[in-house]
Amino acid sequence: MQPLHQTVQVTYHYSVYFTEQLFARDNTLLRDVLSIDPIPKKVLCVVDQGVWQHHPALLDTIQAYFRAHYTSIRLVCPPLIFQGGEEAKNNPANVAVVQEAIHLHGICRHSYVMAIGGGAVLDMVGYAAATAHRGVRLIRVPTTVLAQNDSGVGVKNSVNAFGKKNFLGTFAPPSLVFNDVHFLQTLSMRDWRSGIAEAIKVALLKDAAFFDFIEMQAKPLLQRDMALMLQLIYRCAQLHLDHIVQGSDPFEFGSSRPLDFGHWAAHKVEQLSGYTLRHGEAVALGIALDSTYAYLEGWLYEQDWQRILELLSSLGFALFTPELSQHHDQQNDPRCIFSGLDEFREHLGGRLTIPLLEGIGECIEVNKVYKETMKESIALLEMYQSSLQMNPGTGSDGSAVGTR
Ligand SMILES: NC(=O)c1ccc[n+]([C@@H]2O[C@H](COP(=O)([O-])OP(=O)(O)OC[C@H]3O[C@@H](n4cnc5c(N)ncnc54)[C@H](O)[C@@H]3O)[C@@H](O)[C@H]2O)c1
Ligand SMILES: [Zn+2]
């Protein structure tokens, strides 16, 4: 018998809204967007504990909002709370609790699960929603810079398992995203800064003018200028969304993952640090490492490499951490940073493909990484970092590090 062939095409639409005080009684955006037909929509709400701690009135505000718009939207129970940060993705019980609530409260594929929190809580809730009933609708309300400009606007969700980051997960676009600027005010300095690393990443890959903008505005950004941060978030989210569509591989069927610049090392070092490093901090290390490698391999001009390191360090990112240089000599040791290359390849499938820089705003893909050059890059970053510590405030003029 002849084989039967089929092509399945599915189109997803979703919007990212920018607002302030999403749950203020007179802000009808959420209600209006959900009132697409006369049937009231059921919503199960999940909140990041860290957000709740900094916004103690949030749960009452959410419940009051739903009561005020009862004819259009119904909260099925008081919001569920989960510890924020990587713990949300490391504890397998969390997914089961969300799925059980979906079951108990009759959340169907025309109802919504709404996740309010940092990237970790959004990833975990997104995974639970994507696997219940083979996928219920997800509303993301990202509350960190990183989640608003990167993780919350994309199509991926996941939890960690078997000691591997994002081992379990799905590609499942959200139904809606609401970026509420109000939440950003309570971020710790670390979380304010972390999201800037993803913006630098996407700027380096795709938009030199955006890199110039971040470089020019580094100081006010660090001083928490909200208007500038909104510009940064908007452009970064836009580049991210454009990539998902224009790259025409939103579900990453190919071996290449161009947006994951610096991420083979970032994911590994995050894990090796016992998740004491924020994702954005690990991304900054990964960007510094792969930029240094590209410079040593002769792809990146020295002045571009210097600009990258200077920008990262001026924003307060560390460019070296001991996890980068441990266990190099033990083959296949999972504590060695280079095992991150194997894990990256395994996660993607196919050939190892990593994005590297040929210039600011210019990216190439390589299939081979020379470990000796990578070790040299790590040693150079260690020297760079200690020269900064010896001369704090002087920035990096390159004089303290070897160049070639
Ligand atoms: N799905 C994707 O495509 C994707 C992309 C990039 C990163 N990620 C994931 O995102 C996660 C990192 O997310 P993140 O950087 O948003 O940090 P996070 O979710 O780890 O949160 C960091 C801390 O900030 C707290 N917090 C959150 N919002 C707050 C607020 N408004 N005020 C005060 N505290 C607040 C949290 O409770 C937590 O303690 C990682 O797990 C990473 O793997 C996913
Ligand atoms: Zn990332």
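Numbering of ligands and ligand atoms starts at 1, following listing order.
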Engineer: With nothing but distance in play, are any N or O atoms of E270 less than 3.5 Å from an N or O of ligand 1?
Structural biologist: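 No, no N or O pair falls under 3.5 Å.
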Engineer: Assign the ring pair F18 / Y234 to parallel, tilted or perpendicular, where the plane angle (0 to 90°) is split at 30° and 60°.
Structural biologist: tilted
Engineer: Considering distance alone, does some N or O of G119 sit under 3.5 Å from an N or O of ligand 1?
Structural biologist: yes
Engineer: Among all protein non-hydrogen atoms, which one is nearest to atom 38 (C) of ligand 1, and what is the separation to 0.1 Å?
Structural biologist: G85 N, 3.6 Å
Engineer: Would you check whether E198 has a nitrogen or oxygen atom less than 3.5 angstrom from a nitrogen or oxygen atom of ligand 1?
Structural biologist: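 Checking ligand 1 against E198, no N or O pair falls under 3.5 Å apart.
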Engineer: Heavy atom of Q49 under 4.0 Å from ligand 1?
Structural biologist: no
Engineer: Using distance alone, determine whether T144 and ligand 1 share an N or O pair under 3.5 Å.
Structural biologist: yes
Engineer: Taking the six-membered ring for Trp, are the ring centroids of F344 and H267 within less than 6.0 Å of each other?
Structural biologist: no
Engineer: Would you confirm whether the ring centroid of H279 sits within less than 6.0 angstrom of the ring centroid of H263?
Structural biologist: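 So the answer is yes for these two rings.
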Engineer: Donor-acceptor check, side chain of S72 to backbone of R31, threshold 3.5 angstrom: yes or no?
Structural biologist: no
Engineer: Backbone or side chain, does any N or O of L146 fall under 3.5 Å from an N or O of ligand 1?
Structural biologist: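 No; every N/O pair is 3.5 Å or more apart.
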Engineer: Mark whether atom 25 (C) of ligand 1 lies under 4.0 angstrom from at least one protein heavy atom.
Structural biologist: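 There is no protein heavy atom less than 4.0 Å from atom 25 (C) of ligand 1.
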Engineer: Do any N/O atoms on D150 end up under 3.5 angstrom from N/O atoms on ligand 1?
Structural biologist: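 Not met; the criterion fails.
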Engineer: Within 45° of the ring axis of Y70 and under 6.0 Å from its six-membered ring centre, is that where the NZ or CZ of R74 lies?
Structural biologist: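 The answer is yes, since R74 meets both limits relative to Y70.
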Engineer: Is there a side-chain contact between M383 and S387, using heavy atoms and a 4.5 Å cut-off?
Structural biologist: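 Of all side-chain heavy-atom pairs linking S387 with M383, none is under 4.5 Å.
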Engineer: For atom 43 (O) of ligand 1, which candidate among E86, K165, H279, E87 provides the closest heavy atom?
Structural biologist: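 Result: the heavy atom closest to atom 43 (O) of ligand 1 is in K165.
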Engineer: I need the minimum non-hydrogen distance between K201 and D150, along with the two atoms involved.
Structural biologist: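 Minimum heavy-atom contact is NZ-OD2, 3.3 Å.
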Engineer: Establish, yes or no, whether the cationic atom of K368 lies under 6.0 Å from the six-membered ring centre of Y370 and within 45° of the ring axis.
Structural biologist: yes
Engineer: May I ask you to decide if A288's main-chain N or O and S291's side chain share a donor-acceptor pair within less than 3.5 Å?
Structural biologist: no
Engineer: From E198, does some N, O or S atom reach closer than 2.8 Å to the Zn ion (ligand 2)?
Structural biologist: yes
Engineer: Just go through S188, A147, A120 and tell me whose heavy atom is the nearest to atom 11 (C) of ligand 1.
Structural biologist: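 It is A120 whose heavy atom sits nearest to atom 11 (C) of ligand 1.
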Engineer: Relative to each other, are the rings of F338 and H328 parallel, tilted or perpendicular (30° and 60° limits)?
Structural biologist: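 Judged by the thresholds at 30° and 60°, the geometry between F338 and H328 is tilted.
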Engineer: Mark yes when over 12 heavy atoms from residues, nucleotides or ligands other than H133 sit less than 6.0 Å from its NE2; otherwise mark no.
Structural biologist: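 It does: H133 NE2 has more than 12 such atoms within range.
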Engineer: Look only at interatomic distance and state if F183 has a nitrogen or oxygen under 3.5 Å from any nitrogen or oxygen of ligand 1.
Structural biologist: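 For ligand 1, there is an N or O atom that lies under 3.5 Å from one belonging to F183.
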Engineer: For atom 37 (O) of ligand 1, find the nearest protein heavy atom and state the residue, atom name and distance (0.1 Å precision).
Structural biologist: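 Going by distance alone, atom 37 (O) of ligand 1 is nearest to D48 OD1, 2.6 Å.
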Engineer: Going by distance only, is there an N or O of D123 that falls short of 3.5 Å from an N or O of ligand 1?
Structural biologist: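 Such a contact does occur with ligand 1.
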Engineer: Just distances here: any N/O of H55 and N/O of ligand 1 closer than 3.5 Å?
Structural biologist: no
Engineer: Quick one: look up the protein heavy atom nearest atom 22 (C) of ligand 1 and list residue, atom name and how far away it is.
Structural biologist: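 I find the closest protein heavy atom is D191 OD1, 3.4 Å.
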